[in-house]
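Heads up: numbering here begins at 1 and tracks the sequence. These numbers were taken from a predicted model, which means no experiment stands behind them.
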Amino acid sequence: MMNFDKFHNPQKNGELLSEITGKQLDIDKVITETAQLFQRCIENKPIPQVNKVPFKVPFSKKIIERLFRLFAKPSSILEPTQINIDPEGNVYPEWKLKLDDEYGNLLSGITREVNIKDFGGIGDGKTDNTAAFKNAIGNGRVKVIVPAGIFITKGILLPSWTCLIGAGKGRTTIKLHESSSKGTRLITNSNHWKGNNHIFVQGMSLDWNVERLGDVKKTSTWGNHSSCLTYANVTYGWINDVEGINSGLHCFDISSTLYNYAGDGYRGKGGSKYVWLDNLNGYGFGDDGVTTHHSDYIFISNSHMCDPSGRAHHKGFSNSNGFEIDDGSRNVLLVNNSTARCFGGIEIKAHQNSSAASNVKILGHISVNDNRSYNFRHIGHHKSTDTESKSAYNITAMNLAAIRPIFTDLYKGSTPRGLVVSAYKNVVINHFTLIGDPDYDYKGNPIIAIQYRARNVVLSNLSLKGFKSASTDIKVYGGVNRADSVSINNVVVHDSAPKIIDIGTDVKDIQMRK
């Protein structure tokens with residue numbers, strides 16, 4: 001088995017999935033099959049959730065939510081993005097055709113091509129190139145070439161209609177200056193409030209240089225600061241062949257102007273839209289490798305995130321995920337990505353005081369030694385005394401692999417899981433391979449957990465092996481906070497947990513078919 005370290009080539013993920021799962025899937029057929037399962041899922045009327053007297057929200061939190069509503073708008077569920085396949089077998093969202101047209105407009109809108117060296121740029125790993133980048137970029141309508149070397153800067157701002165092109169990962173490195181503040185974004189767009197459009201970054205490593213901070217307790221400040229590359233309020237954006245190194249917060253953040261906590265049912269204004277991230281690597285991140293907030297129509301493909309530091313959190317409580325589709329994100333497609341040794345491989349979620357991500361689709365993912373390979377949840381909307389989530393809807397995932405989930409020092413209280421679904425409705429998982437270590441101590445925990453008021457969950461075509469010390473392979477939790485309306489179809493188990501499926505008390509609507 002490959003190590004999936006920082007040198008992993010994520011463009012091989014599609015081939016590796018076939019080797020790991022032992023399946024040569026007809027992807028077109030799988031997409032159609034999953035769409036049919038999802039359609040039946042959303043047509044089902046789920047068992048109602050149990051609602052006890054809700055916990056009273058403190059007045060101070062209500063005030064905070066109302067302040068955030070000044071920068072928020074009501075949330076809604078969009079029509080889900082359709083998935084297409086081109087003649088070469090490449091998978092893409094239907095809206096990428098629009099983005100491709102805009103890429104042509106970007107190229108035709110560029111009026112000059114310059115080299116950073118022509119503006120005094122020196123890639124010696126010592127010289128401050130902040131002024132050189134500013135002068136080369138100007139007001140945009142420019143392609144800036146950055147040759148091989150290590151270019152020190154205190155931050156780069158990209159206006160609309162700008163291409164920043166390096167010589168490739170590991171050849172061109174842009175690195176934060178030693179005197180840069182903790183909140184510095186290494187690269188971001190120039191106007192988070194008015195927004196920017198048509199920005200392309202390609203072919204470089206981005207070193208946030210966390211070492212400059214020394215042994216601080218926390219490596220980030222607030223919001224979408226402290227990251228390698230942030231697009232905030234960007235329409236039509238591309239990030240290709242880029243590596244993020246040792247960020248204080250995130251390697252790559254596709255965001256709204258501000259993170260927003262106006263409450264469930266609201267989204268932040270100024271979200272990004274129509275952004276494609278492809279062939280990215282990231283490691284050493286303080287929080288997440290790739291994250292999205294309050295943004296729509298995001299495509300993340302052939303990328304690999306591994307080995308976070310978790311230093312944006314308190315030690316032992318690091319919710320550091322490889323890919324996090326977070327608060328208010330809608331219509332996000334992830335294709336053939338991979339993660340290793342993160343808290344979560346892919347986490348789809350929201351905080352209690354924000355709308356959940358919705359209409360998220362995953363086609364192909366490899367999770368290796370993550371604590372929770374796939375974790376779908378709306379925090380603060382789990383228990384019978386919590387309010388029911390207004391926004392945690394619609395996840396489909398196909399051709400997944402969870403390889404040896406483990407305990408982690410990132411989050412010491414968290415038990416290993418291949419999949420967790422909490423609070424979400426309309427979740428379909430189709431063709432899922434889970435491979436454990438028969439000699440590893442899973443301490444009697446379940447490997448798949450459907451729990452905390454999840455509804456309309458479909459698990460189909462699952463294969464599990466090697467989880468001998470787990471209590472059960474699949475557990476549907478019962479009790480007052482139970483999951484319900486769950487369908488489990490075609491599960492193949494070999495030499496795994498003592499019990500294949502465990503259904504908790506009071507679960508009323510459960511269907512199981514071979």
Side-chain angles (χ1 to χ4, degrees), residues 6-7 103-181 184-191 196-212 226-232 234 236-248 251-253 275-284:
K6 63 184 180 181
F7 301 110
Y103 181 65
N105 291 335
L106 170 62
L107 295 183
S108 62
I110 296 296
T111 59
R112 58 194 178 98
E113 179 175 322
V114 301
N115 191 303
I116 191 66
K117 288 190 172 182
D118 296 334
F119 293 81
I122 301 173
D124 61 359
K126 300 177 183 178
T127 302
D128 183 356
N129 293 276
T130 305
F133 278 109
K134 183 178 180 180
N135 292 331
I137 293 166
N139 294 320
R141 298 282 178 182
V142 63
K143 178 190 286 186
V144 178
I145 304 299
V146 188
I150 301 174
F151 293 83
I152 304 298
T153 177
K154 294 176 182 175
I156 298 172
L157 298 178
L158 301 179
S160 300
W161 304 96
T162 299
C163 298
L164 186 67
I165 311 295
K169 299 173 190 169
R171 298 192 64 209
T172 297
T173 298
I174 299 178
K175 184 175 181 178
L176 266 184
H177 192 279
E178 290 288 327
S179 67
S180 299
S181 67
T184 303
R185 308 172 184 94
L186 178 50
I187 296 178
T188 191
N189 55 298
S190 60
N191 197 322
N196 293 103
N197 56 275
H198 297 86
I199 298 178
F200 187 101
V201 177
Q202 181 181 52
M204 61 188 68
S205 294
L206 304 178
D207 186 349
W208 197 79
N209 190 18
V210 74
E211 296 85 358
R212 75 187 191 280
S226 309
S227 297
C228 289
L229 196 160
T230 298
Y231 281 175
V234 169
Y236 309 127
W238 299 260
I239 308 170
N240 176 256
D241 186 35
V242 178
E243 177 184 43
I245 302 172
N246 295 339
S247 56
C251 289
F252 306 95
D253 188 347
V275 179
W276 182 18
L277 304 88
D278 183 60
N279 190 24
L280 309 183
N281 287 74
Y283 61 91

* Residues Asn209, Glu178; criterion side-chain contact (heavy atoms from CB on, under 4.5 Å); working and verdict -> CA-CA 8 Å; Asn209 190 18; Glu178 290 288 327; 3.2 Å; yes

* **Residues Ile165, Val144; criterion side-chain contact (heavy atoms from CB on, under 4.5 Å); working and verdict** => CA-CA 6 Å; Ile165 311 295; Val144 178; over 6 Å; no

* Asked: Is there a side-chain contact (heavy atoms from CB on, under 4.5 Å) between His177 and Thr130 once you walk through the steps?
  -> CA-CA 9 Å; His177 192 279; Thr130 305; 5.8 Å; no

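The shortest side-chain heavy-atom distance between Phe119 and Val114 falls under the 4.5 Å cut-off. Within the 4.5 Å cutoff, the side chain of Leu158 has heavy atoms near those of the Ile137 side chain. Contact annotation: the side chain of Glu243 approaches that of Tyr283 to within less than 4.5 Å [non-hydrogen atoms, C-beta and beyond]. Residues Thr173 and Phe151 have side chains not in contact (no heavy-atom distance under 4.5 Å, counting atoms from C-beta outward). A 4.5 Å side-chain heavy-atom check between Ser205 and Ile245 finds at least one atom pair inside the cut-off. When side chains are defined from C-beta on, Phe252 counts as touching Leu277, because their heavy atoms get closer than 4.5 Å. Two residues are said to be in side-chain contact when any heavy atoms from C-beta on lie closer than 4.5 Å; Lys154 and Asp128 meet this criterion.
Rounding to the nearest 0.5 Å places CG of Leu206 at 11.5 Å from CG of Asn281. To the nearest 0.5 Å, atoms OG1 (Thr153) and CD1 (Ile116) are separated by 8.5 Å. In this structure, OG on Ser190 lies 9.0 Å from CG on Asn139, to the nearest 0.5 angstrom. Annotation: the span from Arg212 atom CZ to Lys175 atom NZ amounts to 10.5 Å, rounded to 0.5 Å. Separation of atoms SG (Cys228) and CG (Asp253) is listed at 11.0 Å; rounding is to 0.5 Å. Annotation: the span from Ile187 atom CD1 to Arg185 atom CZ amounts to 13.0 Å, rounded to 0.5 Å.
Within the 3.5 Å criterion, the main-chain N or O of Thr230 finds a donor-acceptor partner in the side chain of Thr188. Not a single donor-acceptor pair under 3.5 Å links the side chain of Asn135 to the backbone N or O of Phe133. Formation of a donor-acceptor pair under 3.5 Å by the Asn196 side chain with backbone atoms of Asn191 is found in this model. Put simply, the side chain of Thr172 gets close to the backbone of Pro147: a donor and an acceptor are under 3.5 Å apart. The closest donor-acceptor contact from the side chain of Ser226 to the backbone of Gly248 lies at 3.5 Å or more, if one exists at all. Judged by distance alone, the side chain of Lys169 and the main-chain N or O of Asn279 form a donor-acceptor pair under 3.5 Å. Between the side chain of Asn129 and the backbone N or O of Ile122, at least one donor-acceptor pair lies under 3.5 Å. The backbone N or O of Gly168 lies less than 3.5 Å from no partner atom in the side chain of Arg171, so there is not a single donor-acceptor pair. Listed for the Asn197 side chain is no donor-acceptor partner under 3.5 Å among the backbone atoms of Ser160. In this structure, Thr184 contributes its side chain and Leu186 its backbone to no donor-acceptor pair below 3.5 Å.
For the residue pair Gln202 / Asn240, a side-chain donor-acceptor distance below 3.5 Å is found, with atom types taken as modelled. Side chain to side chain, Thr127 and Asp124 meet the donor-acceptor criterion of an N or O pair below 3.5 Å.
Nearest heavy atom pair, residue Leu106 against residue His198, reads CD1-O, 3.6 Å. Smallest separation of non-hydrogen atoms from Ala132 and Gly120: CB-C, 4.2 Å.
When each of Val201, Leu164, Leu229 is tested with Ile174 by the rule side chain to side chain contact (heavy atoms under 4.5 Å, CB included), just one qualifies, namely Leu164. Among Tyr231, Trp238, Tyr236, the one residue that satisfies the side chain to side chain contact (heavy atoms under 4.5 Å, CB included) test with Val275 is Tyr231.
Ring geometry, Phe200 versus Tyr103: the interplanar angle falls from 30° to 60°, so the pair is classed tilted.
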